[in-house]
2 protein chains.
Amino acid sequence: MICRALRRAIIEQALEPGAKLPEDSLGERFGVSRTIARYALGQLASEGLVELRRNRIAVVVTPSWQDARDIFDIRMDLERLIVRKIAGKLSSSQIARLKAHVEAEREAEHGPNAVSIRLATEFHIMLASMTNSPVLVRYVSEIAYRCCLTLSLFSRPHSSECGINEHIAIIEALQEGDANKAMSLMHSHLDSVANRALVEPTPARGRDLLDVLAPYAEETT
Amino acid sequence: MICRALRRAIIEQALEPGAKLPEDSLGERFGVSRTIARYALGQLASEGLVELRRNRIAVVVTPSWQDARDIFDIRMDLERLIVRKIAGKLSSSQIARLKAHVEAEREAEHGPNAVSIRLATEFHIMLASMTNSPVLVRYVSEIAYRCCLTLSLFSRPHSSECGINEHIAIIEALQEGDANKAMSLMHSHLDSVANRALVEPTPARGRDLLDVLAPYAEETT
DNA sequence: CTCTCTTCGATTGCATGCACTTCGGGCACG
DNA sequence: CGTGCCCGAAGTGCATGCAATCGAAGAGAG
């Protein structure tokens with residue numbers, strides 16, 4: 001419960017990376033005791049959204065550039081696996097649900113950026129859930145959520161419009177049962193998201209003093 | 001700590017699927033309070049090794065046949081990704097560590113079955129860790145551990161000898177830097193493990209009355 | 001004015017207490 | 001002999017208390 005709320009707050013960037021998450025405050029805010037808040041933090045930590053440091057306040061993770069690349073790599077493989085699994089096997093009601101979701105994406109297109117990012121993410125999770133593979137759903141959810149974080153860090157001028165058309169194309173390929181086409185569409189979709197979004201971080205724009213000084217520190221060691 | 005111990009107990013089948021895990025007993029056994037035991041159970045649950053039912057004693061999960069297939073599917077993809085990532089990029093010390101591990105596998109070959117299964121599993125996790133991708137390590141670990149459980153359920157006459165030679169072949173392909181060869185070796189390795197191990201459960205041999213009756217129950221709903 | 005040390009409030013780590021739920025054995029009854 | 005019910009023991013869900021730890025602000029020295 002509180003877990004879900006926290007997760008949403010994080011992926012919609014209401015809590016930006018680095019934000020502190022004291023157990024008391026969370027508990028008080030949600031009307032539960034520290035025990036519950038603590039449990040939620042543990043869950044989120046195991047999903048890689050929260051960083052738990054011993055004896056210190058938990059914080060929203062700040063994914064590194066390397067993390068981002070890793071995660072996108074894995075995501076690419078998993079999502080290709082998903083479309084391969086479900087291509088041509090979707091019921092008409094499932095297709096309808098997908099199309100309805102894309103419609104919702106289009107409506108939110110000019111709304112708040114965080115919402116459209118979340119919707120785009122949920123589209124992928126919806127696809128995953130249609131494989132009826134709980135593990136796959138969990139992994140893709142987790143990875144997709146972390147991609148949200150990453151996108152918020154490394155891509156200021158996010159524009160998701162093109163993504164919507166690609167979603168539609170993927171649905172059509174799935175409907176036709178053309179697994180290879182769907183896989184290559186998904187591939188290029190994710191690839192374009194990654195390349196559009198993941199602009200190599202300008203080392204100068206360090207959010208944190210430590211990050212900026214890291215390369216210099218190496219010389220002195 | 002207690003988490004690691006429990007995990008090992010589960011994957012070595014000291015605790016077989018369905019075994020009850022009361023918080024008090026665990027805490028007492030490990031000399032900690034319920035709080036810690038409870039936390040460990042939560043972790044293991046999020047790894048899919050333990051099933052947490054509200055107000056009821058936690059139990060070691062009993063993977064279904066369908067779960068097993070799903071997990072092997074995903075594993076196949078992830079492990080192919082791993083060898084693709086590390087082919088030709090391993091240092092000589094890494095190669096040495098891999099070979100040493102295989103040697104350990106060979107030594108344990110005629111020891112207790114559970115140990116050789118665990119070693120075989122750890123070989124794959126070792127490979128994953130060489131990608132330097134924390135997420136990949138976590139997923140493969142989790143999946144591999146669950147495969148242990150699955151193997152213990154669906155394959156009585158387990159023989160891992162052939163697996164050892166395949167491990168060696170994979171190492172050599174990685175050393176040569178032949179990503180495609182390594183991937184196809186890994187593919188056939190996992191495929192043979194899956195097919196050797198995952199004998200379709202004979203419906204008659206229901207461990208549990210509920211399992212047997214499950215298909216019939218659907219009609220009545 | 002800056003740097004360091006110290007101290008105290010803030011926060012976590014863990015254990016324990018209490019209320020509620022579930023389980024299992026015994027007992028009455030068919 | 002089998003079946004249903006009931007109640008005590010066992011176990012979980014959650015809150016809270018206490019000690020240990022961290023960190024930020026303030027005092028003091030240079």
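Every heavy atom of this structure was used, including side-chain atoms; hydrogens, water molecules and symmetry mates were not.
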Go through DNA chain C in 5' to 3' direction and return only the first and the last nucleotide with some atom under 4.0 Å of chain A's heavy atoms. C/dT11 to C/dC14
Spacing of B/Tyr145 atom OH and B/Ile10 atom CD1 [to the nearest 0.5 Å]: 11.5 Å
Whole angstrom is fine here: how far is it from CD1 in A/Ile2 over to C1' in D/dG13? 15 Å
DNA chain C contacts among residues 33-41 of chain A, heavy-atom distance under 4.0 Å: A/Arg34, A/Arg38
Sequence neighbours excluded, the answer for side-chain contact (heavy atoms from CB on, under 4.5 Å) partners of B/Leu78 is A/Ile74, A/Leu78, B/Ile74, B/Leu136, B/Tyr139, B/Val140, B/Ile143
Which pairs of donor and acceptor atoms, one on a side chain in residues 119-128 of chain A, lie under 3.5 Å apart (sequence neighbours left out)?
{"residue": "A/Thr121", "atom": "OG1", "partner": "A/Ile117", "partner atom": "O", "Å": "3.0"}
{"residue": "A/Glu122", "atom": "OE2", "partner": "A/Arg118", "partner atom": "NH1", "Å": "3.0"}
{"residue": "A/His124", "atom": "ND1", "partner": "A/Glu79", "partner atom": "OE1", "Å": "2.9"}
{"residue": "A/His124", "atom": "ND1", "partner": "A/Glu79", "partner atom": "OE2", "Å": "3.1"}
{"residue": "A/His124", "atom": "NE2", "partner": "A/His167", "partner atom": "NE2", "Å": "3.3"}
{"residue": "A/His124", "atom": "NE2", "partner": "A/His189", "partner atom": "NE2", "Å": "3.3"}

To the nearest Å, how far apart are B/Lys20 NZ and D/dA10 C1'? 11 Å
Do B/Arg146 and B/Asp67 pass the salt bridge (charged side-chain N to carboxylate O under 4.0 Å, His left out) test, and can you show the C-alpha distance, the side-chain angles, and the key distance before you say yes or no? CA-CA 10 Å; B/Arg146 293 179 69 171; B/Asp67 289 341; 5.0 Å; no
Main-chain N/O of B/Ile11 paired with B/Arg7 side-chain donor or acceptor, under 3.5 Å: no
Sidechain N-carboxylate O distance under 4.0 Å for A/Asp73, B/Arg84: no
Test side-chain contact (heavy atoms from CB on, under 4.5 Å), reference B/His101, set B/Glu105, B/Lys99, B/Arg97, output is B/Glu105
Carboxylate-amine/guanidinium contact A/Arg138 B/Glu47, below 4.0 Å: no
Any residue in residues 51-58 of chain B with a heavy atom nearer than 4.0 angstrom to DNA chain C? Just list them by number, or reply none. B/Asn55, B/Arg56
Can you tell if the side chain of B/Leu41 reaches within under 4.5 Å of the side chain of B/Leu26, non-hydrogen atoms only? yes
Can you tell me which residue pairs pass the side chain to side chain donor-acceptor pair (under 3.5 Å) test with a partner in residues 21-30 of chain A, sequence neighbours excluded? A/Glu23-A/Arg34, A/Glu23-A/Arg38
